[in-house]
Protein chains: 2
Amino acid sequence: MSTEQAEQIAPLLKALADPVRLRLVSLIASGEGGEACVCDLNGAFELTQATISHHLKVLHNAGILDRDKRGVWAYYAVRPEALSAVANLFSAPALMRAGA
Amino acid sequence: MSTEQAEQIAPLLKALADPVRLRLVSLIASGEGGEACVCDLNGAFELTQATISHHLKVLHNAGILDRDKRGVWAYYAVRPEALSAVANLFSAPALMRAGA
DNA sequence: TCAAGACATCGACGCTCGTCGATGTTCACA
DNA sequence: TGTGAACATCGACGAGCGTCGATGTCTTGA
């Protein structure tokens, strides 16, 4: 694994390396159509709306979530490519093995 | 995905969410017998020996690497279970889908 | 017994992160 | 036009992280 590859994938893992954000991704992925409304996500955590919004922004900036504003509501959807990129990285035979 | 699950997996991802540590795991996994000597790892980075030792400790504490001291040298080996746990998490159908 | 080497640990430094209250922005509806 | 609701952004705070030089610990071999 090259330095460039590592520096490309590390931010993805960094965005996912938080319990709240992991649950957010899980909730959104398991939502209807693979998406969820922020209004529903806010109630699932004992955290401020500002904090949830912050975590969603981090996931969005990392390319893990897509944002779609419909009227007053904002919907986030998971980008499956982002998650499969992580899955492939740690599956054999993958980049972690055979001197990739 | 439950809160407990998220709090259990997040530290694993956190340990891997660093370019240096990603390359360390890759180098060790691709080494002979899936292990590598610290003396060889030190030369692969433009970082202090103390910093490499610190990163190895983080990976060891997270359960990703096993440590084995042989005489003067220390060998680190990858625990495949740790990596496959991450791989399975982000593969469909996995915890991230179907309301797990 | 002593010196040198391999690796871990310590203490410190800037920087980033997670969280919050407060405020801003945009939309729907009266 | 104005009011309330949904969501984003801002500024600030304490805590944790990555890195370093210095030092400690352990092993080997002379």
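Computation of the quantities below employed the complete heavy-atom set of this structure, encompassing side-chain atoms and omitting hydrogens, waters and symmetry-equivalent molecules. Below, read A as the first sequence line, B as the second, and so on, with proteins coming before strands; counting in each chain starts at 1.
- You'll find that the side chain of A:His55 is closest to C:dG18, out of C:dG18, D:dG18, D:dG21.
- Between the P atom of C:dG18 and the CG atom of A:Leu59 lies a distance of 10 Å, rounded to the nearest Å.
- Atom-to-atom, CG of B:Asn61 to C1' of D:dG16 comes out at 15 Å; the value is rounded to the nearest Å.
- Between the base of D:dA6 and the side chain of A:Gln49 there is no donor-acceptor pair shorter than 3.5 Å.
- Within 4.0 Å (heavy atoms only), A:Ala74 reaches sugar-phosphate atoms of the nucleic acid but no base atom.
- Between B:Leu56 and A:Arg70, the residue whose closest nucleotide on DNA chain C is further toward the 5' end is B:Leu56.
- In this structure, the side chain of B:Ser2 engages the main chain of B:Gln5 through a donor-acceptor pair within 3.5 Å.
- Judged by distance alone, the side chain of A:Ser53 and the main-chain N or O of A:Gln49 form no donor-acceptor pair under 3.5 Å.
- Separating the NZ atom of A:Lys14 from the P atom of D:dG18 is a distance of 7 Å, rounded to the nearest angstrom.
- The side chain of B:Ser53 places no N or O atom within less than 4.0 Å of a non-bridging phosphate oxygen (OP1 or OP2) of C:dT9.
- Smallest separation of non-hydrogen atoms from A:Val20 and A:His55: CG1-CD2, 3.6 Å.
- Computed from coordinates, the B:Lys69 NZ to D:dC26 P distance equals 9 Å when rounded to whole Å.
- What separates CH2 of A:Trp73 from P of C:dT25 is a distance of 22 Å, to the nearest Å.
- Side-chain N or O atoms of B:Arg21 include none that pairs as donor or acceptor with a backbone N or O of B:Val58 at under 3.5 Å.
- A:Lys57 places its NZ atom 12 Å from the C1' atom of D:dC7, with the value rounded to the nearest Å.
- The interatomic distance linking A:Glu46 (CD) with C:dC20 (P) rounds to 10 Å, in whole Å.
- Residue contacts for A:Tyr76: at a heavy-atom cut-off of 4.0 Å it reaches the sugar-phosphate backbone alone, with no base atom in range.
- Residue contacts for B:His54: at a heavy-atom cut-off of 4.0 Å it reaches a base atom on one of the strands shown.
- Under 4.0 angstrom from either OP1 or OP2 of D:dA8 there lies at least one side-chain N or O belonging to A:Arg67.
- Backbone-only engagement by A:Leu47 is indicated by non-hydrogen atom pairs under 4.0 Å involving sugar-phosphate atoms exclusively.
- With A:Ser30 contributing its side chain and A:Ser26 its backbone, the two residues share a donor-acceptor pair below 3.5 Å.
- Of the two residues contacting DNA chain C, namely A:Thr51 and A:Val72, the nearest-nucleotide position lying further toward the 5' end is that of A:Thr51.
- Taking atom CG of residue B:Asn42 and atom P of nucleotide C:dG5, one finds them 15 Å apart after rounding to whole Å.
- Phosphate contact (OP1/OP2 of C:dC20, side-chain N/O of A:Thr48, threshold under 4.0 Å): present.
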